[in-house]
Enquirer: 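Below is the structure I would like to discuss, written out as structure tokens.
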2 protein chains.
Amino acid sequence: MVVGAASWAIDSTTDPMPESAIRPRKEFGKTIAADITHRLREEIIACALPPGEPLRFDVLRERFGASFTTLREALTALAAEGLVDAQEQRGFRVAPVSRQDLVEVTDARVLIEVELIRRSIQRGDDDWEIAVISTLHRLKRIEQRDPEHPLRDPEWKIAHRQFHQALVSACGSATLLAIRAELFDRAERYRHLSANFRPRPRDKAGEHQAIMQAAISRNADLATQLIESHIRSTADNVAKYATHLLDTE
Amino acid sequence: MVVGAASWAIDSTTDPMPESAIRPRKEFGKTIAADITHRLREEIIACALPPGEPLRFDVLRERFGASFTTLREALTALAAEGLVDAQEQRGFRVAPVSRQDLVEVTDARVLIEVELIRRSIQRGDDDWEIAVISTLHRLKRIEQRDPEHPLRDPEWKIAHRQFHQALVSACGSATLLAIRAELFDRAERYRHLSANFRPRPRDKAGEHQAIMQAAISRNADLATQLIESHIRSTADNVAKYATHLLDTE
DNA sequence: AACGGTATGATTTTCGAAAATATGGTCCGG
DNA sequence: CCGGACCATATTTTCGAAAATCATACCGTT
């Protein structure tokens with residue numbers, strides 16, 4: 001299934017197949033609704049759509065080129081993920097942020113991620129080790145290339161997400177992984193929220209390295225301790241530099 | 001906003017307002033979509049719609065009297081809850097069941113519910129104690145009245161759900177409570193799955209009573225231990241009596 | 001001036017038709 | 001007799017118009 005693979009890689013100046021030159025409507029999913037769900041999710045996480053922003057259909061319709069119904073489906077899905085707030089008969093809005101919500105998301109992440117790291121360390125095989133090492137390697141490469149504002153770099157965001165995903169990937173529970181992924185997205189939105197006001201990113205590279213080493217050496221107690229302080233210190237940092245955004249809600 | 005409050009309380013034999021006598025389309029939510037989401041959820045949990053069953057729009061349209069789009073929105077929401085399986089371009093079906101999924105749901109419930117009980121015991125005030133005691137009282141009353149097949153009694157199901165909800169209600173995290181509620185629903189579906197083949201319900205009343213007492217006396221270690229074995233033994237029971245349904249998927 | 005009710009405009013929600021896609025069967029060539 | 005391409009049908013997915021609902025400003029009354 002590599003149908004439209006070339007369309008984004010090569011400009012269509014000498015395209016032999018005329019219809020494949022058309023920019024595809026669906027980039028991330030087979031259906032338009034799934035595609036828009038994905039795009040909206042990215043924009044909300046990146047705070048391109050700011051927290052609390054009303055999501056009016058007229059505006060979305062023009063922005064995403066889809067009909068009421070399709071948009072409604074996407075918004076319903078995101079509401080279930082906690083990124084959108086559905087107010088019955090009064091439309092949708094980007095889920096608001098609050099200090100309380102940040103604390104809850106952080107707490108829930110610690111509870112679940114600590115457990116999943118522990119399970120992964122116990123169950124992970126060679127492939128798991130390779131995934132952890134290689135995703136961290138890629139992350140460090142990207143950080144070397146452009147050490148300024150990592151959250152502004154889409155590649156860094158993907159690599160960062162994939163490293164944390166790899167760490168827990170051997171836990172054996174698709175159910176808990178899905179919950180973890182939702183919480184990760186909600187936490188990432190808070191990181192973006194404070195990114196513009198944070199003077200300088202602290203040294204996460206060292207933390208990631210230490211977590212990787214603890215995981216690979218199967219030191220579960222150390223790894224879980226490092227993950228917990230990694231999550232909590234990130235959240236503390238967000239709370240510190242986004243105070244003005246969290247208290248006025 | 002007590003507009004339609006009388007419609008369910010008093011029969012409309014001498015109703016002064018004619019239009020309020022009409023059976024409302026929306027019983028559980030302000031929108032039809034929310035209403036259908038609720039009704040579909042109940043039917044899936046009760047296994048009135050069996051696991052794996054294809055959910056074709058023609059059939060649903062006639063059954064629920066709603067249009068394609070509205071149904072689609074409801075199914076999308078339920079897919080995010082893990083009760084419906086969305087196969088892109090190939091429609092929806094009731095989420096299939098499996099032994100693996102049962103184990104995952106049980107494990108996740110133990111992880112989260114144990115933590116929430118602990119937090120509730122630490123933080124719960126008088127109102128929490130009253131809620132725990134009164135919901136258990138109501139549950140016991142219903143069990144006395146009809147001790148045969150509790151899962152067939154909608155009132156027992158609601159009371160049972162509310163007792164377990166009350167136990168964790170003081171945990172202080174709406175985020176974790178929402179996750180817990182989803183997992184509870186998924187577990188309840190498995191209980192229904194085995195209910196028809198289980199010869200006789202085991203004595204849950206005693207377990208509930210013991211959990212309540214441990215919680216009220218703020219014995220967190222005992223309460224969490226009781227909750228864990230309560231959840232696990234229920235799941236073991238399901239696995240035992242629904243083997244033929246779990247292995248053929 | 002303050003209040004309550006009402007008309008008006010804006011916005012969401014719902015609908016069924018139309019387009020897009022998958023499914024199943026048939027025919028043809030090997 | 002088997003396998004693959006093609007067509008017809010079944011089903012899902014998408015659309016924009018129409019209905020329902022909400023927000024706001026206006027008006028008359030107290």
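Excluded from the calculations below are hydrogen atoms, water molecules and symmetry mates; all remaining heavy atoms, backbone and side chain alike, are included. Chain letters run A, B, ... following the sequence lines, proteins first and then strands; every chain starts at 1.
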Enquirer: Side-chain N or O of B/Arg90 versus OP1/OP2 of D/dT11: is the shortest distance under 4.0 Å?
Expert: no
Enquirer: In terms of side-chain heavy atoms of A/Gln89, which of C/dT13, D/dT11, D/dT14 is nearest?
Expert: C/dT13
Enquirer: Would you please confirm or rule out a distance under 4.0 Å between OP1 or OP2 of C/dC15 and any side-chain N or O of B/Thr70?
Expert: yes
Enquirer: What integer distance in Å separates A/Ile32:CD1 from D/dG16:P?
Expert: 10 Å
Enquirer: For the pair made of CZ in A/Phe64 and C1' in D/dC15, what is the distance, rounded to whole Å?
Expert: 18 Å
Enquirer: Out of B/Lys157, B/Arg180, B/Arg161, which residue meets the salt bridge (Lys or Arg N to Asp or Glu O under 4.0 Å) rule with B/Asp185?
Expert: B/Arg161
Enquirer: Specify whether B/His160 and B/Trp156 have parallel, tilted or perpendicular ring planes, treating 30° as the upper limit for parallel and 60° as the lower limit for perpendicular.
Expert: parallel
Enquirer: Look at all strands and tell whether B/Phe92 reaches a base, only sugar-phosphate, or nothing, counting heavy atoms closer than 4.0 Å.
Expert: sugar-phosphate
Enquirer: Against the six-membered ring of A/Phe68, is A/Arg61 placed for a cation-pi contact (under 6.0 Å from the centre, within 45° of the normal)?
Expert: yes
Enquirer: Is the phosphate of D/dT12, meaning OP1 or OP2, less than 4.0 Å from a side-chain N or O of A/Thr31?
Expert: no
Enquirer: Atom CG of A/Leu60 and atom P of C/dT11: how far apart are they, to the nearest Å?
Expert: 13 Å
Enquirer: Identify whether any heavy atom of B/Leu55 sits under 4.0 Å from a base atom; if not, whether one sits that close to sugar-phosphate; answer base, sugar-phosphate or nothing.
Expert: sugar-phosphate
Enquirer: Between D/dT14 and A/Arg72, is there an OP1 or OP2 to side-chain N/O distance shorter than 4.0 Å?
Expert: no
Enquirer: Which whole-number value in Å describes the distance from A/Asp58 CG to D/dC22 C1'?
Expert: 15 Å
Enquirer: How many Å lie between CG on A/Leu71 and C1' on D/dG16, as a whole number?
Expert: 13 Å
Enquirer: Write down the distance between CD (A/Glu62) and P (C/dT11), rounded to a whole number of angstrom.
Expert: 14 Å
Enquirer: Taking atom C1' of D/dT11 as reference, at what distance in whole Å does atom CD of B/Gln87 sit?
Expert: 13 Å
Enquirer: Does the Lys NZ or Arg CZ of B/Arg41 fall within the cation-pi geometry relative to B/Phe184 - under 6.0 Å from the ring centre and within 45° of the axis?
Expert: no
Enquirer: Which whole-number value in Å describes the distance from B/Arg61 CZ to D/dT13 C1'?
Expert: 14 Å
Enquirer: Considering every strand and a 4.0 Å limit on heavy-atom distances, what is the contact class for A/Arg56: base, sugar-phosphate, or nothing?
Expert: sugar-phosphate
Enquirer: I'd like to know if the side chain of B/Ser169 reaches the main chain of B/Ala166, judged simply by a donor and an acceptor atom lying under 3.5 Å from each other, with no hydrogens or angles considered.
Expert: yes
Enquirer: For the side chain of A/Phe68, counting heavy atoms from C-beta on, which of C/dT14, C/dA22, D/dT13 is nearest?
Expert: C/dT14
